[in-house]
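All remarks here apply to the structure that follows.
Residue numbers start at 1 and run along the sequence shown. Quick note: numbers below take in every heavy atom, side chains included, and nothing from hydrogens, waters or symmetry partners. A quick note: this is a predicted structure, and the numbers were derived from the prediction, not measured.
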Amino acid sequence: MNASVDPRVERIASNPAYQRLRSTRNKLGWTLTILMLLAYYGYIGLIAFDKAFLATPIGPGKITTVGIPIALGLMVFTIAITGFYVRRANKEFDALTQQIVEDAR
């Protein structure tokens with residue numbers, strides 16, 4: 001069975017804006033993924049190999065340990081990079097997508 005490719009698909013695939021969108025979105029996605037993996041597995045590595053450091057009390061009352069702010073920081077980092085991606089997608093990527101759709105018509 002020989003299926004022909006829709007001419008709109010060919011126009012979109014050859015559009016320089018589409019190529020730029022794919023490249024930029026992929027680079028950003030991989031960069032943020034690598035950062036998240038480094039942060040997460042770094043924390044897991046600390047848990048596995050340096051529990052004493054994470055158990056070190058901080059503050060005069062020794063209410064908490066070093067591990068708690070690091071874990072909270074990891075959560076904040078996760079939310080921050082997600083927000084960064086969403087903001088960039090809503091502004092830059094959506095505008096490029098709209099331009100590509102208009103060009104394809």
Side-chain angles (χ1 to χ4, degrees):
M1 188 161 117
N2 187 5
S4 63
V5 177
D6 187 342
R8 288 177 292 186
V9 172
E10 290 178 358
R11 281 197 306 271
I12 290 171
S14 64
N15 187 329
Y18 175 71
Q19 298 298 325
R20 188 171 69 244
L21 171 65
R22 281 189 59 199
S23 173
T24 304
R25 191 180 56 203
N26 287 342
K27 285 178 190 174
L28 179 62
W30 280 111
T31 300
L32 295 179
T33 298
I34 289 167
L35 288 174
M36 189 65 231
L37 288 171
L38 286 173
Y40 179 75
Y41 283 109
Y43 184 66
I44 297 300
L46 279 175
I47 292 170
F49 299 112
D50 201 356
K51 290 179 187 158
F53 170 70
L54 292 176
T56 304
I58 56 174
K62 299 181 183 178
I63 296 173
T64 190
T65 63
V66 171
I68 299 299
I70 292 174
L72 291 173
L74 184 59
M75 289 181 229
V76 169
F77 177 70
T78 301
I79 293 167
I81 65 171
T82 301
F84 175 74
Y85 182 85
V86 168
R87 178 181 291 185
R88 183 117 181 243
N90 286 342
K91 288 184 177 183
E92 181 182 344
F93 300 156
D94 285 355
L96 271 173
T97 301
Q98 187 63 32
Q99 175 190 347
I100 292 163
V101 168
E102 292 297 322
D103 290 347
R105 289 187 181 157

message = For the CZ atom of R20 and the CG atom of N15, what is their distance to the nearest 0.5 Å?
response =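 Taking CZ in R20 and CG in N15, the distance rounds to 8.5 Å.
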message = So, using side chain to side chain contact (heavy atoms under 4.5 Å, CB included) as the criterion, who are the partners of D94 when residues are at least two apart?
response =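 Result, side chain to side chain contact (heavy atoms under 4.5 Å, CB included) vs D94: N90.
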request  = With sequence neighbours left out, write down each residue that passes salt bridge (charged side-chain N to carboxylate O under 4.0 Å, His left out) with E92, or none if nothing qualifies.
outcome  =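 For E92, the residues satisfying salt bridge (charged side-chain N to carboxylate O under 4.0 Å, His left out) (neighbours in sequence not counted) are R88.
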ask   = salt bridge (charged side-chain N to carboxylate O under 4.0 Å, His left out) with R8: which residues, sequence neighbours excluded?
value =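 Counting only residues at least two positions away or on another chain, R8 forms a salt bridge (charged side-chain N to carboxylate O under 4.0 Å, His left out) with D6.
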request  = Could you name each residue pair satisfying salt bridge (Lys or Arg N to Asp or Glu O under 4.0 Å) that touches residues 67-77, not counting sequence neighbours?
outcome  =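 Found none.
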request  = Without swapping roles, check the side chain of Q99 against the backbone of A17 for a donor-acceptor pair under 3.5 Å.
outcome  =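 No, Q99 side chain to A17 backbone: no donor-acceptor pair under 3.5 Å.
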ask   = Short question: side chain of S14, backbone of R11 - any donor-acceptor pair under 3.5 Å?
value =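 Yes, because the side chain of S14 sits within donor-acceptor range (under 3.5 Å) of the backbone of R11.
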In a table with atom names and distances, give each donor-acceptor pair under 3.5 Å that connects a side chain of residues 26-50 to protein atoms at least two apart or in another chain.
{"residue": "N26", "atom": "ND2", "partner": "R22", "partner atom": "O", "Å": "3.2"}
{"residue": "T31", "atom": "OG1", "partner": "K27", "partner atom": "O", "Å": "2.7"}
{"residue": "T33", "atom": "OG1", "partner": "G29", "partner atom": "O", "Å": "2.7"}
{"residue": "D50", "atom": "OD1", "partner": "F53", "partner atom": "N", "Å": "3.3"}

inquiry  = Taking side chain to side chain contact (heavy atoms under 4.5 Å, CB included) as the criterion, tell me which of D103, V101, I100 meets it with I12.
reply    =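 The single option meeting the side chain to side chain contact (heavy atoms under 4.5 Å, CB included) with I12 is I100.
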Could you list the donor-acceptor pairs under 3.5 angstrom formed by side chains in residues 65-74, with sequence neighbours left out?
{"residue": "T65", "atom": "OG1", "partner": "L54", "partner atom": "O", "Å": "3.2"}

